[in-house]
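We name chains A, B, ... by the order of the sequence lines, and we start the count at 1 in each one.
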Amino acid sequence: MLNSTQLWAIVNGTIVTLEIAIVAIIFGAIFGIIVALGRISKNKIANGLSWFYIWFFRGTPLLLQLFMIFYAVPIIYLNATGKTFQIDPMICAFITFSLNSTAYLAEIIRSAIESIDHGQMEAAKALGMNYHQAMMKIIIPQTFKRLVAPIGNELIMLLKDTSLVSTIALFDLLRTVKTMASATGNWIYYVYAAVVYLFLTTILQVLFDKLEMKFGIYEKR
Amino acid sequence: MTLENSETNKSDIMVRVVNIKKKFGDLEVLKGINFQVTRGEVICIIGPSGSGKSTMLRCLNQLERITDGEIYVEEELMDKRKNDKTITHIDNDRLQSLRCDLGMVFQNFNLFPHLTVLENVTIAPRIVKKADISEINQRGLELLDMIGLKEKADEFPVRLSGGQQQRVAIARALAMDPKIMLFDEPTSALDPELVGEVLETMKNLANDGMTMIIVTHEIGFAREVADRVIFMDDGFICESGTPEEVILNPREERTQSFLNKIL
């Protein structure tokens with residue numbers, strides 16, 4: 001069984017994992033809305049920029065993005081300014097995962113907005129609302145229910161992808177148990193990690209099912 | 001078109017369109033339409049599908065932009081375009097206030113499904129006119145009472161029948177105190193037994209003196225309620241006059257053959 005040092009190490013690893021996933025989903029959702037609005041905008045610059053953003057961050061491995069920010073950015077900075085600078089690995093993880101989930105969430109949000117019947121925007125405009133008012137009060141609120149399931153999916157993916165941060169010297173849940181397993185030669189630590197991952201994803205699944213019901217209340221006949 | 005009535009008081013002209021055309025790419029849907037509507041007039045527009053009736057209506061409140069012609073609301077220029085280019089620029093604030101003057105009712109109701117019936121009626125006054133909330137709610141309930149759906153105020157639209165939804169959509173448009181109401185085939189998406197209640201609501205509105213432009217296939221309704229019937233075909237106004245003239249004694253052959261098909 002686990003001694004208390006090991007238990008605390010696993011708890012701390014779990015916290016690192018959760019922190020990264022939660023920060024990434026929050027910033028991803030906020031910036032994702034902006035990038036999604038850019039994608040549906042008729043403004044060519046906004047549209048092109050957001051297209052490029054999504055193209056880059058969906059088209060390259062998350063691990064590569066992590067390395068770029070952790071290893072490449074300090075070198076670029078050194079070459080440009082002659083000064084050394086070290087990114088805190090946790091900050092680096094927050095930034096990379098947020099940038100990455102922004103791209104995925106932007107596409108989720110864009111397709112949810114575009115799935116709302118065109119008549120809704122027309123009705124809002126016919127009532128004198130401008131684009132901004134129609135978006136905020138009519139279109140976006142209707143996307144909530146449709147967003148819950150894919151965002152839950154994205155959050156669960158994020159939670160598991162956080163294990164990549166072991167490559168930039170962070171002790172997340174997986175790296176913590178791997179260290180224990182190799183130190184003791186006991187595979188049981190992997191089972192503990194699996195249990196924690198399953199526990200967290202189960203909570204998320206139940207939570208998101210509830211949210212979907214809540215946001216869909218107006219569709220009940 | 002010689003609809004211009006020299007006796008009409010100028011201030012009583014609610015809508016006037018001059019030679020409006022609408023092209024979608026190479027397809028010309030409206031090929032030069034002229035007409036005007038005076039205060040309190042109820043106009044029914046009939047015609048085969050694809051004749052440009054709905055497009056014409058949608059051009060009036062600029063859900064579609066005309067490619068040529070002029071649109072005046074209460075003799076104020078609202079749009080003037082030539083070859084798909086704007087001649088006089090109207091700013092967004094003015095466009096918005098124009099849209100508040102023209103209430104619109106859609107074929108598919110387009111109620112906001114995430115809002116209750118009362119919220120559907122009050123949301124536009126609340127965020128566009130930014131008036132006092134309790135006054136807006138009071139007025140909303142009055143409108144729901146008028147259409148006989150006050151007891152449904154807190155229901156979501158999905159729990160209403162099609163006819164009830166369309167009546168709410170009418171109340172929602174009226175909540176902005178429009179000067180003119182536009183109806184785009186308001187009963188076409190309804191089961192036959194639900195058509196009557198919507199027509200009844202519209203009839204009451206007409207009797208209250210509302211200026212109305214109605215695109216419809218309900219010839220019986222047009223005969224009963226319209227002051228003037230316009231028959232459109234192939235992007236033109238083919239014939240226009242009183243219901244007796246257009247529906248009972250059509251002059252044009254195309255009007256006759258259309259009426260023969262649907263009556």
Heavy atoms from other residues, nucleotides or ligands near [atom1] of [X] exceed 12 (cutoff 6.0 Å):
X	atom1	answer
A/Lys210	NZ	no
A/Leu198	CG	yes
A/Phe199	CZ	no
A/Phe52	CZ	no
A/Phe67	CZ	yes

Going by salt bridge (Lys or Arg N to Asp or Glu O under 4.0 Å), name the residues that satisfy it together with [X], two or more places apart in sequence or in a different chain.
X	answer
A/Asp117	none
A/Glu122	B/Arg58
A/Glu114	A/Arg110

Under a 4.5 Å cutoff for heavy-atom pairs, which residue among B/Gln62, B/Lys129, B/Glu155, B/Arg159 has the most contacts with chain A?
B/Arg159

Chain A heavy atoms under 4.5 Å from [X]: which part of the residue, side chain, backbone, both or neither?
X	result
B/Leu111	backbone
B/Leu98	neither
B/Asn61	side chain
B/Phe112	both

Heaviest contributor of heavy-atom pairs below 4.5 Å to chain B, chosen from A/Gln133, A/Met129, A/Glu219, A/Lys220, is A/Met129

Where does the angle between the aromatic ring planes of A/Tyr218 and B/Phe156 fall among parallel (under 30°), tilted (30 to 60°) and perpendicular (over 60°)?
tilted

Derivation of the side-chain contact (heavy atoms from CB on, under 4.5 Å) call for B/Leu115 and A/Lys137
CA-CA 10 Å; B/Leu115 302 177; A/Lys137 299 288 179 180; over 6 Å; no

To the closest 0.5 Å, what do you measure between CG (A/Leu127) and CZ (B/Arg172)?
5.0 Å

Rounded at 0.5 Å granularity, tell me how far CG in B/Asn108 sits from NE2 in A/His118.
12.5 Å

Identify the two heavy atoms, one from A/Ala126 and one from B/Phe106, that lie closest to each other, and give their separation to 0.1 Å.
CB-CZ, 4.0 Å

Closest heavy-atom pair and its distance - B/Cys100, A/Gly128
SG-CA, 4.0 Å

Identify the residues of residues 138-169 of chain A whose heavy atoms come closer than 4.5 Å to a heavy atom of chain B, ordered by number, or report 'none'.
A/Ile138, A/Pro141, A/Gln142

